Amino acid sequence: MNAYPPVDDRLRHLLAQEINTRVDTWKLAFLIADDIVKSPEIRRELARIVSAHTLGKPCGDRNCQHCFDARLTGAES
């Protein structure tokens with residue numbers, strides 16, 4: 001049985017699924033997702049957020065659901 005999204009390209013497929021609800025074609029959604037995945041700036045930002053969350057620190061993004069939830073439960077350092 002084939003898993004979807006494929007493990008070797010999961011991020012791009014997940015992004016394309018979300019984008020596809022707002023654009024006319026799957027191909028356009030996939031192209032946009034591909035650009036996002038290949039962006040060094042976006043990759044650095046994702047790594048920064050993951051690093052902060054791993055250390056139990058707020059990432060500084062005012063729209064971060066993880067940090068918002070942590071503030072509500074008092075789990076944030």
Side-chain angles (χ1 to χ4, degrees):
M1 182 174 187
N2 292 335
Y4 187 85
V7 176
D8 63 341
D9 200 18
R10 187 170 173 79
L11 180 58
R12 185 168 57 146
H13 280 264
L14 290 172
L15 287 167
Q17 283 177 328
E18 290 297 318
I19 295 165
N20 193 42
T21 63
R22 293 166 179 87
V23 297
D24 291 335
T25 67
W26 173 253
K27 184 175 181 176
L28 177 58
F30 216 70
L31 288 170
I32 293 167
D34 190 51
D35 287 345
I36 292 169
V37 169
K38 289 178 180 176
S39 168
E41 293 85 10
I42 291 172
R43 288 234 174 232
R44 279 192 297 274
E45 182 60 10
L46 286 172
R48 184 193 68 74
I49 291 168
V50 167
S51 178
H53 290 170
T54 301
L55 296 171
K57 306 282 184 188
C59 68
D61 182 341
R62 67 176 174 222
N63 298 305
C64 178
Q65 189 66 47
H66 178 273
C67 293
F68 179 78
D69 293 342
R71 275 191 300 261
L72 288 179
T73 62
E76 188 176 81
S77 298

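All figures in this text were calculated on a predicted structure; none of them were measured in a lab. In this chain, residues are counted from 1 in sequence order.
- Within the structure, ring pair (Phe, Tyr, Trp, His ring centres under 6.0 Å) pairs that include any residue of residues 15-34 comprise H13-F30, W26-F30 (at least two apart or interchain).
- Residues L14 and Q17 are in side-chain contact: their nearest non-hydrogen atoms beyond the backbone lie under 4.5 Å apart.
- Note on I42 and I19: same hydrophobic cluster, where clusters join Ile, Leu, Val, Met, Phe, Trp and Tyr whose side-chain heavy atoms are under 4.5 Å apart, directly or indirectly.
- A heavy-atom distance below 4.5 Å is found between the side chains of H53 and C67.
- By the criterion of side-chain heavy atoms lying less than 4.5 angstrom apart, applied directly or through intervening Ile, Leu, Val, Met, Phe, Trp or Tyr residues, I36 is not grouped with V50; the two fall into different hydrophobic clusters.
- Atom SG of C59 and atom CD of E45 lie 7.5 Å apart (nearest 0.5 Å).
- When the side chain to side chain donor-acceptor pair (under 3.5 Å) test is applied to R43, no partner is found at least two apart in sequence or on another chain.
- P58 and A52 get closest at one heavy-atom pair: O-CB, 3.9 Å.
- For the residue pair A16 and A33, the shortest heavy atom distance occurs at N-CB, 3.6 Å.
- For the atom pair CG (D34) and CG (D9), the distance works out to 8.0 Å, reported to the nearest 0.5 Å.
- Within the structure, salt bridge (Lys or Arg N to Asp or Glu O under 4.0 Å) pairs that include any residue of residues 17-30 do not occur (at least two apart or interchain).
- Rounding to the nearest 0.5 Å gives a distance of 9.0 Å between CG of L31 and CZ of R12.
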